[in-house]
Every structure is written in structure tokens, then in C-alpha cells.
Amino acid sequence: MKKKYLLTPGPTPLPPEVMSALAKPIIHHRTAEYSALFVEVNNGLKSLFQTAEDVFTFASSGTGAMEASVVNLLSPKDKVIMVEAGKFGERWLELGNTYGLDVIPVHVQWGKAVESSLIEKLLKENPDAKAVFVTLCETSTGVKTDIKTIAAITAKTNAVLVVDAISGLGAMELKTDEWGVDVVVSGSQKGMMLPPGLAFISLSKKAQKMLETSTLPKYYLNLKAYKKALDKSDTPYTPAISLTVALTEALKLINDEGLENVLKRHAVMAEATRQAVKALGLEVFASSPADAVTSVKLPEGMDGSKLYKTMKDELGVQAAGGQGDLKGKILRIAHLGYMDASDVILGISALEVALGKIGYPVKMGEGVKAAQKVLYQINS
Ligand SMILES: *Cc1c(COP(=O)(O)O)cnc(C)c1O
């Protein structure tokens, strides 16, 4: 027998309620039945996104929502500030360059978060900048961006703030309306406890105005078509029906637990993981760590891919390795979506055993003990 445990920052494990919903017979989308379900989904999404505005849903991976934010708000040669602090920030730059924007790149050392004061300075120097693009949880490094402070800065300018919350939504605080975040993009396979395939985007009133002036080419991703349909509880094209049905179940689970408790659960799992890592004599890679995923800095000379493979192939526990320049140098353990205290213990235990197997002098059980202290508030 080879049981598998998924501890990656997307895709994440599926709750049984979601899996059952996915197995239901397909229904037609131009029906009262689907309409009612779609209304329920849209209301649930507003709560999750913490916004009174519409949240648009369409079939694509999360990157589709990132692209939608670019093509719906901007026009060729528009000046934009794009923060690149990891693999997913790089994607903003690639999108900006693909669409011929005048990109001001903000390169941040991987593992660090962008300084809000730098964004403030760049906006002062570039009053014509139309948008600032950042990442709530930079999944490749495990870094959290201070969205609240950055939103307070962009709110005083003509620029909108676009946040990639693909891994952060439902795991970390993001008060969209209250903080003045203009655009939030997300995807289904991370904190939302669904398979990949749905993308989401919300727009503030300030961002909605930009839909009227944007001239970048778009067809499937044209949010005006989605808005027109949404006002009739409909979709312009065939929606991903089964995923949307399953989304009602995921939103119910989040609602039953309460968003505040969901975020608290993630914060506790993250803290337990960080304490465990330190107890094992290792370092957390991120200077301001996110609550969706913990990146573990591996000691100089350790073969990171061997560690990853040992966990996956010998212990059945799949974490994530490093991406780009971080390949082999970090290990990322997710605590995201349908995961709880026991998943953290499992991940840390597997990490300890795998470290031992590859010859790292590990004090077996020390990480687990540190995690238990945080997770179960055990003092001894
Ligand atoms: C996973 C992820 C993406 C990419 O999403 P896809 O669904 O693979 O397109 C983008 N940004 C962040 C921060 C992510 O974690």
C-alpha cells in the first residue's frame, strides 16, 4: 500500500463534501436551478473576498485572472509598477511585457518582502502610473506582502492596487474594501479547497471605471461580458458547472467555520510549522513569512531535491521544492485550505525522518514537539 499525502501550496487536498459534489450528475447552466446556485456562489464569494462589489468567476487557472486584470484595466504603453519578489511576481512582469505596458519593475531579493516606502516613492516619481501589481503570498518564497500599508498608499493616488491573492485568499487577512484594495485575483486550487480550473477577480469602483477606457485586446477575458451576464445571474459562456457546484460546498465549509476562524487556523498551523523548523536547527527562508506556506532554508550543501524525493517517494508526503534559483535550496510545506493540526504534525514528522535518512543530524521528535506546543497549547 502506498498512501499519499498532499502538502503542496496548490493544488491542495479536497474536503469529502467537495469530492461528493464533483461526482454529481452534470446539470444544464441555462436553467433556474443553475441560476439559483450561481447567485449563492456569488454571495459567498463576496464574503470571502470581503467586498461589496461583484466577484467574477470564469474557467481558467489563476493566471487567467492575473491576465484579466491586465487586459481589462489597461491600454498599450500604460505605465505600471510591478513587484517581482519571486516566481509569481515574475509572472506580473511577463504579463506586462507581453501586453506592451511601460513596466517599472521592482525587483526584490527572493525571500524578502517589498518595502511599502519604495512603492510610495515610485508613485511620487511616477504620478502617471496607472496600477501597482503585487502578490499577497509569494508562494515561491513563502513571503507575505504588507497589502494594508500599500493599499493606504495607492488609495491616495490615481493608481489602482492589483493583488495576486491566488494562494493567500482564505489563508491570510485581506480586507478588500476596508483596506482599499482595488483588484483581487485568485484561483480555486489553493485556499478554496477545489481542484484547479476556476479563476476569480473582484474590482473596486475605482477599478471598474478603468474598464471603460481600457483598449488592450480581449475576448474571453472581457469582464464587461461577465458583468452583463452576472446582472442576470448568468454567465457569457459555458461555466465550469461541476466546479461551480463544488464551490457552493467549499463556501459552505468556510462559512460554517467562519472566515475569521479559518484565518486563525492557518495562522496557528503556520506558527507551529515555523517553530518546528527552528527546533530542528533549520531556518525559515522568508523574512516576513506567509501563513499559507512555510519555506524552509536548507543548510549549505544539503541536496534539497533528495530531501523532497525522500519525503515523497519513501514517506508518501509531498511537499514542494524550490523554484527557479531556489531549486534544491528550500523546501516548502503548505498549510493551506483543507488542512489542520494533524497535517502539520505529519509534515514535520516526515521532514524529520527524511532529514535523518539523507544523513542530516536531526534530533528526532524535536520538531514535532515544538509544533505540538503551538497547535495544542501544550506547555511541558
Ligand atoms: C499558484 C499561484 C499562481 C498561479 O496560478 P495558476 O493557477 O497555476 O495559474 C499565481 N500566483 C500565486 C501567488 C500562486 O500561488
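Because the structure is predicted, anything quoted here is derived from the model rather than measured. Atoms within a ligand are numbered from 1 in the order they appear, just like the ligands themselves.
- The closest protein non-hydrogen atom to atom 4 (C) of ligand 1 is Arg91 NH1, 3.4 Å.
- No option in Val344, Ile348, Ile378 other than Ile378 meets the side-chain contact (heavy atoms from CB on, under 4.5 Å) test with Gln372.
- Side-chain contact check for Thr176 and Thr51: no donor-acceptor pair (N or O, by modelled atom type) lies under 3.5 Å.
- Classified by interplanar angle (parallel below 30°, tilted 30° to 60°, perpendicular above 60°), the ring pair Tyr34/His29 is perpendicular.
- Between Gly62 and ligand 1, at least one pair of N/O atoms sits closer than 3.5 Å.
- Residue Gln189 has at least one nitrogen or oxygen atom sitting less than 3.5 Å from a nitrogen or oxygen atom of ligand 1, judged on distance alone.
- At a cut-off of 3.5 Å, with distance as the only test, no side-chain donor of Glu173 or Trp179 sits close to an acceptor on the other residue.
- Here the heavy atom of the protein found nearest to atom 1 (C) of ligand 1 is Lys190 NZ, 1.4 Å.
- Asp182 and Ser204 share a side-chain donor-acceptor pair at under 3.5 Å.
- The side chain of Asp164, and not its backbone, has at least one atom closer than 4.0 Å to an atom of ligand 1 (non-hydrogen atoms only; side chain from C-beta on).
- Counted by atom type alone, Lys209 and Thr213 present zero donor-acceptor pairs between their side chains at under 3.5 Å.
- Remark: among candidates Thr139, Leu136, Leu336, the nearest residue to atom 13 (C) of ligand 1 is Thr139, based on non-hydrogen atoms.
- Note: no N/O pair closer than 3.5 Å links Glu138 and ligand 1 by distance alone.
- At a heavy-atom cutoff of 4.0 Å, ligand 1 is contacted by no atom of Pro196, backbone or side chain.
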